[in-house]
Each structure stands twice: as C-alpha cells, then as structure tokens.
Amino acid sequence: MNIIKLDAIGSTNTFLKELVSTRPVPNYTVVSAESQYNGRGQMGLKWVDEKGKNLLFSVLVKGELLEKMSGVCLNYCVSLAVLTVLMRYNLTKLKIKWPNDILSESNKISGILIENSWKKDAIKDAIIGIGINVNQLTFDSDLKQVTSMKTILGSDIDKGQLLLQIVDALKNEIENYKAGSFDALKSRYLKVLYKIEIPTMFKDSEDLIFLGKIVNVSNSGKLQIELNDGTIREFGIKEIQMLKKL
Ligand code: BTN
C-alpha cells in the first residue's frame, strides 16, 4: 500500500487533494497524520484531535474504480467498511448515524468526510477522510456524546493495524459492490442505521421540533422520516437534526 505518514498537518484530506492536483497518485494512496491543526468535519465543522492518540487518515479512490458509483453508494461502502472493522474489536452497539457517523452506545466514535471531484455526472476522484477516536480518553467539554475505543475497551489499540484493516475492508466493499447490487448494499446499510423505525425527536431547518421515525434513505441520499400522520418528509444533511431524548 502506498502510505504517506505525516506527523502534523492541517488536514489529511486537504493534503491529499493538493497532491492529486499536482501529480499522478495511485489508487488507494493513504495519507495519515498523528495530529491535524485544521482537521475538517462535515458541514464546515472542525475535527479536533489529541496529538498521537487517534487515527486520522485520507484515502484516494479514483474514478475508474468507482464506475457508475454514485456518491450515495460510495458513502454506504465507506460507512460499512469502518463499521465492519470496528465490529471485530467487540465494541458495543455499533450503528451508523445517517449519513456516516459511527456510533457506539449512541456516542460518536468515528466521523467520515468524503470529498468527491466530478467529471460530468461521474465521480472523478474521491478523497475519503476518516477520523477514529482510538486512544483518546478525554474530550473538550463542548463535545457531547463522544467516545473512543480505549474508553470502551480499557486498553490501547494499535492504530497501524486498524488503518490496514479499514483500507482492506474498503477495497472489499468497493469490489463486492461491482459484483453485487445497490439494493443489497443499501439494505445492509439500513440494517445498522441508528434509530431506524424508532420514534425520535427531530428539529428541522426552521427550528420546528417534531416526532417521527426514520424509515428509509432516498436514492439521492436524503433521509426519509415518517410523521405521526403517516406522511413521509425528506431531508438533506443541513436540513435536519436528531434530538437526544424523547
Ligand atoms: C465528521 O464527522 O464531521 C467528519 C470528520 C472527518 C475527520 C477526518 S480526520 C482525517 C480527515 N482529514 C480531515 O480534515 N477530516 C477527515
């Protein structure tokens, strides 16, 4: 595997993106860092880490491997790859919170930031950034509902081994998808989706709080929530927030 190990960097996603724009980079090239000073999360948020404690890396997957794969489909492959590997560590109650947070016991243990570049309507390159809370034990007080592997398992985890397993699982997911179907992939994703079919409180982009249950994800990747009266509303990532308790 082509792996570039860095000590500190702004963001492994940004570093890999810049590398790809300046020279040919082989498929599945990995950039990992011990620490990021400008780690990026979903929706423009920051991804903060304690130096040396967590797994922070980005993988390049090039378009020819993603033939006719949509962004939604790639997201399912990545989320399932991370979940599958974390399951081997006996972490409890692992779920995917739509679209791609990985939770254990309702606390976030991993975040994923996929940045695609497009050529017409096909993905040209995908930079898949993955952060896993591995050996960190204390978190900023403003970070709620967060956990790490060491918090749950009680001992240090080898980050190098974890990285190799995840890249391997990702390759498998992408290869298997080619031989399988979108429906089969999606049904595996829905089976492990956090709060599916469970009445939950949500807040929409107009700050309206309502009770509903997640019933599906549309083919374009929107979350489908069934309301009390049986109607189904669809939400994009910036349009909905799950509230903690009923
Ligand atoms: C999220 O849950 O908001 C996504 C977090 C993604 C964090 C990873 S860490 C490695 C890679 N580099 C970044 O700057 N972000 C991703």
Side-chain angles (χ1 to χ4, degrees), residues 1-21 25 28-61 71-72 74-83 85-86 91 94-104 106-117 125-136 139-140 142-149 157 159-160 162-167 169-170 189 192-194 221 223 236-242:
M1 189 199 303
N2 188 21
I3 172 159
I4 302 167
K5 292 186 182 178
L6 303 171
D7 185 32
I9 190 75
S11 153
T12 55
N13 265 37
T14 309
F15 181 91
L16 186 52
K17 207 185 295 177
E18 281 167 10
L19 199 68
V20 169
S21 71
V25 179
Y28 292 114
T29 292
V30 171
V31 174
S32 72
E34 288 301 307
S35 175
Q36 295 183 132
Y37 46 84
N38 197 16
R40 296 188 295 112
Q42 297 268 4
M43 297 191 290
L45 295 174
K46 278 190 183 328
W47 184 261
V48 183
D49 63 277
E50 184 183 331
K51 188 172 173 48
K53 300 284 183 185
N54 296 331
L55 190 55
L56 311 162
F57 69 101
S58 304
V59 193
L60 172 70
V61 179
V72 177
L74 179 62
N75 179 51
Y76 292 163
C77 288
V78 178
S79 316
L80 285 167
V82 175
L83 188 92
V85 172
L86 292 183
L91 294 162
L94 280 166
K95 295 279 173 196
I96 299 171
K97 184 177 173 199
W98 178 84
N100 55 21
D101 284 351
I102 310 292
L103 310 184
S104 170
S106 301
N107 294 317
K108 185 158 168 172
I109 197 162
S110 170
I112 296 167
L113 178 67
I114 305 175
E115 298 183 287
N116 296 320
S117 67
D125 291 317
I127 309 268
I128 298 164
I130 300 175
I132 301 181
N133 299 332
V134 182
N135 294 321
Q136 184 167 341
F139 294 88
D140 279 0
D142 56 325
L143 280 178
K144 301 273 183 289
Q145 292 195 288
V146 58
T147 191
S148 70
M149 295 177 77
I157 310 298
K159 293 190 293 164
L162 183 61
L163 168 65
L164 295 179
Q165 290 185 64
I166 291 175
V167 177
L170 180 61
Y189 175 89
V192 290
L193 192 63
Y194 184 61
L223 189 65
I237 186 163
K238 291 183 180 154
E239 297 163 350
I240 189 79
Q241 194 188 327
M242 192 184 281

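The chain is numbered in sequence order, starting from 1. Each ligand, and each atom within it, is numbered from 1 in the order the structure gives.
The neighbour count for Lys51 NZ, taken as heavy atoms of other residues, nucleotides or ligands under 6.0 Å away, is above 12.
Protein heavy atom in closest approach to atom 2 (O) of ligand 1: Lys108 NZ, 2.6 Å. Among protein heavy atoms, atom 5 (C) of ligand 1 sits closest to Trp47 CE3, 3.4 Å. Protein heavy atom in closest approach to atom 3 (O) of ligand 1: Gln42 N, 2.6 Å.
When the side-chain hydrogen bond (donor to acceptor under 3.5 Å, both in side chains) test is applied to Tyr28, no partner is found at least two apart in sequence or on another chain. Applying the salt bridge (Lys or Arg N to Asp or Glu O under 4.0 Å) criterion to Glu115, with sequence neighbours excluded, gives Lys17, Arg40.
Comparing Arg40, Lys97, Lys46, Gln36 against atom 9 (S) of ligand 1, the shortest heavy-atom distance belongs to Gln36. Looking at Gly111, Gly10, Ser11, Ala33 and measuring to atom 14 (O) of ligand 1, the nearest heavy atom belongs to Ser11.
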* Asked: Would Tyr189 and Asn75 satisfy side chain to side chain contact (heavy atoms under 4.5 Å, CB included), going step by step from the backbone distance to the final call?
  -> CA-CA 10 Å; Tyr189 175 89; Asn75 179 51; 4.3 Å; yes
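Near Gly41, meaning under 4.0 Å from any of its heavy atoms, are these atoms of ligand 1: 1 (C), 3 (O), 4 (C), 5 (C). Near Thr12, with a cut-off below 4.0 Å to any heavy atom, the atoms of ligand 1 are 10 (C), 11 (C), 12 (N). Close contacts of ligand 1 with Phe57, meaning ligand atoms under 4.0 Å from a residue heavy atom, involve 10 (C), 11 (C). Distances below 4.0 Å separate heavy atoms of Asp101 from the following atoms of ligand 1: 2 (O). Atom numbering of ligand 1 starts at 1 in the shown order; those under 4.0 Å from a heavy atom of Gly131 are 8 (C), 9 (S). If you number the atoms of ligand 1 from 1 as listed, the ones under 4.0 Å from a heavy atom of Gly39 come out as 14 (O).
Remark: distances from the non-hydrogen atoms of Leu45 to ligand 1 are all 4.0 Å or more. Every heavy atom of Met43 sits 4.0 Å or more from the atoms of ligand 1.
With hydrogens and angles disregarded, no donor-acceptor distance shorter than 3.5 Å links the side chain of Asp125 to the backbone of Ser117. A distance-only check finds a donor-acceptor pair linking the side chain of Asn135 to the backbone of Ile157 [under 3.5 Å]. One N or O on the side chain of Gln136 and one on the backbone of Glu50 form a donor-acceptor pair closer than 3.5 Å.
The closest side-chain heavy-atom distance from Val78 to Asn100 is not below 4.5 Å. Taking the side chain as every heavy atom from C-beta outward, Ile128 and Leu74 approach each other to under 4.5 Å.
Using a 4.0 Å cut-off between heavy atoms, Ile112 contacts ligand 1 through its backbone alone, with no side-chain atom that close.
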